[in-house]
Amino acid sequence: MPHARGPISTAVLDVLAGRRAAADLPHRPDGDPLGDDLQLALYCCYELHYRSFDGVADDLEWDPDLLRLRGHLEDRFLAAVRAEVPGGDDVEAAVDALLVEPTEGTGPSWHLARDGERWQLDEYVAHRSIYHLKEADPQAWVIPRLDGVAGRAKASLMTVEHDEYGAGRPERVHARIYSEMMAGLGLDTGYGAYLDVAPAATLATVNIMSLFGLHRRWRGASVGQFALIEITSPPGAARLVSAIERLGLPSEVTAFYAEHVEADAVHEQLVRRELIAGLLEREPELAADVVLGIQASTMLEDRLADQLVAAWSAGESSLLTAALSPAA
């Protein structure tokens, strides 16, 4: 388990480690909704639904006291996010905005492609490992929440997810390819190995996926968030391939991002024309939620991007500590 970053995460980690009864958790703790303490606590609560942590009792996944605390943290997180986005229900406009690629950007992939250094690439891969080592898992929660009789939205989501999980080939599972890239860079490939050095901005980009995915109420937002990933991924992945090649790294290190240049270009069409259209055909009232998913994830990704580039431009580490753990 990670180290605590404040009173809320301390309380959660104490329960997971058996040092405190869940009934003794604070009911409505304060704290910065986008800060390290709350985001780590929320991440740890969500992780119980994924692979959990060594030595943690499996039945804590559905402990009512932990769920009550998680609900409060989710409310604070989502309120903070919604306060930062414009909202609305114009899905077409929100999706069209994702298709506009700047001629010269300022995000991490642009920075790395232009003149990023090897240590900055390593840091970027470490940040992204928090999600990519469980890639597509948060969105898988949405599958049973889509109409299986009409089937259009569910079928298209399953087509994309099938690719994310290797299309029946274990060696092509995206999380595995990411792990192999990490190994090629000499990074620790352990699941959650960089959780302790991932700042709140990184955790928030993953937590929003879990929040939307784990609640049927937010199935539309989860679809919107998934659309953001699939539509914007190919250009960024292409820049990261260029960055890796510019740094003279082995060709196998580019495999993960090269895969996303090709696959996500196809996924973009499926997501736009089938998943979103199929969802709104059956449930038009979810339009505002789809927009929220796009806007919320965009805002959090932009916050992380700004934080990374600002640190690198100052010659500083973007992680909570500059020490990356090498592979054993």
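Just so it is clear, the structure is predicted and the values come from calculations on it, not from any experiment. Positions are given from 1 along the sequence.
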Leu66 CG to Leu69 CG distance, which is reported to the nearest 0.5 Å: 7.0 Å

Nearest heavy atoms of Ala200 and Gly35, plus distance in Å: CB-C, 3.5 Å

Gap between atom CZ of Phe53 and atom CG of Leu195 - 0.5 Å precision: 6.0 Å

Between Asp137 and Tyr165: side-chain donor-acceptor atoms closer than 3.5 Å: yes

Side-chain heavy atoms of Val309 within contact of Pro108, under 4.5 Å: yes

Centroid separation Phe256 to His260 less than 6.0 Å: yes

Close side-chain approach of Leu48 and Leu16, heavy atoms under 4.5 Å: yes

Inter-residue atom distance Ser179.OG - His132.NE2, 0.5 Å rounding: 13.0 Å

Over 12 foreign heavy atoms within 6.0 Å of CG, Asp58: no

Glu47 with Arg51: basic N within carboxylate O range, under 4.0 Å: no

Residues, nucleotides or ligands: over 12 heavy atoms within 6.0 Å of Glu252 CD: yes

Minimum-distance pair of heavy atoms, taken over all atoms of Thr189 and Ala183: CG2-N, 3.6 Å

Atom CZ of Arg282: over 12 foreign heavy atoms under 6.0 Å: no

Spatial distance of atom OG (Ser318) from atom CH2 (Trp119) [nearest 0.5 Å]: 7.0 Å

Sidechain-backbone polar pair: Thr205 side chain, Thr202 backbone, donor-acceptor under 3.5 Å: yes

Note, Leu270 side chain near Leu275 side chain (heavy atom, < 4.5 Å): no

Donor-acceptor under 3.5 Å (Asp89 side chain, Ala287 main chain): no

Side chains of Glu123 and Ser317, donor plus acceptor under 3.5 Å: yes

Nearest heavy-atom neighbours spanning Ser109 and Arg239: OG-NE, 2.9 Å

Arg128 to Tyr178 six-membered ring, cation-pi geometry met (6.0 Å, 45°): no

Salt bridge Glu283-Arg219, side-chain N to carboxylate O under 4.0 Å: yes

Crowding at CZ, Arg28 (>12 non-hydrogen neighbours, <6.0 Å): no

Under 3.5 Å donor-acceptor, Arg145 side chain and Gly213 backbone: yes

Student check: side-chain heavy atoms of Glu161 and Phe226 closer than 4.5 Å: yes

Heavy-atom side-chain proximity of Gln225 to Gln139 below 4.5 angstrom: yes

Glu164 (side chain) donor-acceptor with Val173 (main chain) under 3.5 angstrom: no

From Thr159 atom OG1 to His162 atom NE2, the distance as rounded to the nearest 0.5 Å: 8.0 Å

Side-chain heavy atoms of Tyr50 within contact of Glu61, under 4.5 Å: no

Heavy-atom neighbours of Arg118 CZ exceed 12 at 6.0 Å: yes

Side-chain heavy atoms of Met182 within contact of Asp188, under 4.5 Å: no

Between CG on residue Leu78 and CD1 on residue Ile208, distance to nearest 0.5 Å: 6.0 Å

Arg76 side chain vs Gly31 backbone, donor-acceptor pair below 3.5 Å: yes

pair Arg217-Asp289: side-chain heavy atoms closer than 4.5 Å: yes

